[in-house]
Amino acid sequence: TDVVYKTIPMHMHGPLHWVNTGIAGEENHQHNPWTMLAINFRPEDFVVVKLDIDTVDVEMPIFHQLLVTPQIQELVDVFYFEHHVEMDEMQKLWGAHGTGFTKGSIIESLELFQKLRRQGVAAHYWI
């Protein structure tokens, strides 16, 4: 945490919340990021979330909860997500298809992001 704050300008320390802990995909779990957001933030707060855990079995439940829960959508203004899909070009970095590290296709990913954007969340992805 100290390393992160050393790279951030002093005037940004107050509004920045850096949470560096493992997370859980189970709803209402104390380490589910949406639980933490619901406890600490209100819809009028500006919230940016980056989801990149490199574990599809944790990432996808978190993504799905945002996709289907209006109360979470009201809290998240901007959402960034590295969706680990089965893509030949990324096998060198993400592992072979069927290993459990990747799931879904680029088309499925685009459809998920489109649904989220239609629900008012500025959602962005990268590969």
Side-chain angles (χ1 to χ4, degrees):
T1 301
D2 290 338
V3 173
V4 171
Y5 279 98
K6 287 178 184 176
T7 65
I8 305 295
M10 186 60 81
H11 72 279
M12 293 298 298
H13 284 211
L16 176 69
H17 298 274
W18 174 262
V19 181
N20 189 20
T21 186
I23 72 165
E26 296 85 28
E27 291 185 50
N28 302 314
H29 189 283
Q30 70 177 2
H31 293 294
N32 181 305
W34 308 136
T35 302
M36 187 272 305
L37 283 177
I39 291 169
N40 295 293
F41 296 92
R42 301 179 314 262
E44 54 270 13
D45 293 324
F46 185 75
V47 174
V48 177
V49 174
K50 176 190 174 209
L51 179 61
D52 182 11
I53 302 165
D54 296 337
T55 304
V56 73
D57 291 338
V58 176
E59 290 174 333
M60 289 314 296
I62 297 293
F63 183 95
H64 187 261
Q65 290 161 28
L66 175 61
L67 186 63
V68 301
T69 311
Q71 295 85 353
I72 298 171
Q73 294 167 11
E74 289 176 357
L75 294 173
V76 178
D77 296 285
V78 183
F79 178 68
Y80 294 94
F81 178 40
E82 184 178 26
H83 189 188
H84 297 95
V85 297
E86 293 185 354
M87 186 172 140
D88 293 341
E89 294 84 355
M90 296 304 291
Q91 282 191 48
K92 188 184 297 183
L93 298 170
W94 290 351
H97 303 323
T99 60
F101 186 73
T102 59
K103 186 174 185 179
S105 69
I106 292 174
I107 291 173
E108 292 169 338
S109 184
L110 292 172
E111 290 169 349
L112 288 171
F113 276 90
Q114 183 180 46
K115 287 179 186 176
L116 198 51
R117 289 173 181 165
R118 285 184 178 155
Q119 293 169 347
V121 178
H124 311 282
Y125 67 95
W126 73 93
I127 297 174

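The shown structure was predicted, so the numbers you read here are calculated from the model rather than taken from an experiment. Excluded from the calculations below are hydrogen atoms, water molecules and symmetry mates; all remaining heavy atoms, backbone and side chain alike, are included.
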Without placing hydrogens or testing angles, list every side-chain donor-acceptor pair under 3.5 Å for residues 44-52, not counting sequence neighbours.
{"unit_1": "Glu44", "atom_1": "OE2", "unit_2": "Arg42", "atom_2": "NE", "d": "2.6"}
{"unit_1": "Asp45", "atom_1": "OD2", "unit_2": "Arg42", "atom_2": "N", "d": "2.8"}

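Annotation: ring-ring contact (aromatic ring centres under 6.0 Å, His included) contacts of His64 (sequence neighbours excluded): none.
Taking every heavy atom of both residues into account, Gly25 and Pro61 meet most closely at O-CB, 3.9 Å. Between Leu75 and Phe41, the closest heavy-atom pair is CD2-O, 3.6 Å.
For the atom pair NE2 (His31) and CE (Met36), the distance works out to 11.5 Å, reported to the nearest 0.5 Å. Note that CZ of Phe79 is 6.5 Å distant from CG of Leu116, once rounded to the nearest 0.5 Å. Note that the CG atom of Leu112 and the CZ atom of Phe81 stand 8.5 Å from one another [nearest 0.5 Å].
Residues Leu37 and Ile72 fail the side-chain proximity criterion, which asks for heavy atoms closer than 4.5 Å. A 4.5 Å side-chain heavy-atom check between Phe113 and Glu108 finds every atom pair outside the cut-off. Looking at Gln30 and Thr35, their side chains never come closer than 4.5 Å, going by heavy atoms from C-beta outward. Using a 4.5 Å cut-off on side-chain heavy atoms (C-beta onward), Leu110 and Tyr125 make contact.
Checking side-chain atoms of Arg117 against main-chain N and O of Ala122 turns up no donor-acceptor pair under 3.5 Å.
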Passes side chain to side chain contact (heavy atoms under 4.5 Å, CB included), Ile23 versus Asn32? Steps please.
-> CA-CA 5 Å; Ile23 72 165; Asn32 181 305; over 6 Å; no
Run the numbers on Glu26 and Ile62 for side chain to side chain contact (heavy atoms under 4.5 Å, CB included), then give the verdict.
-> CA-CA 8 Å; Glu26 296 85 28; Ile62 297 293; over 6 Å; no
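Each side chain to side chain donor-acceptor pair (under 3.5 Å) pair with one or both residues in residues 66-81, not counting sequence neighbours, appears once here: Gln73-Gln119.
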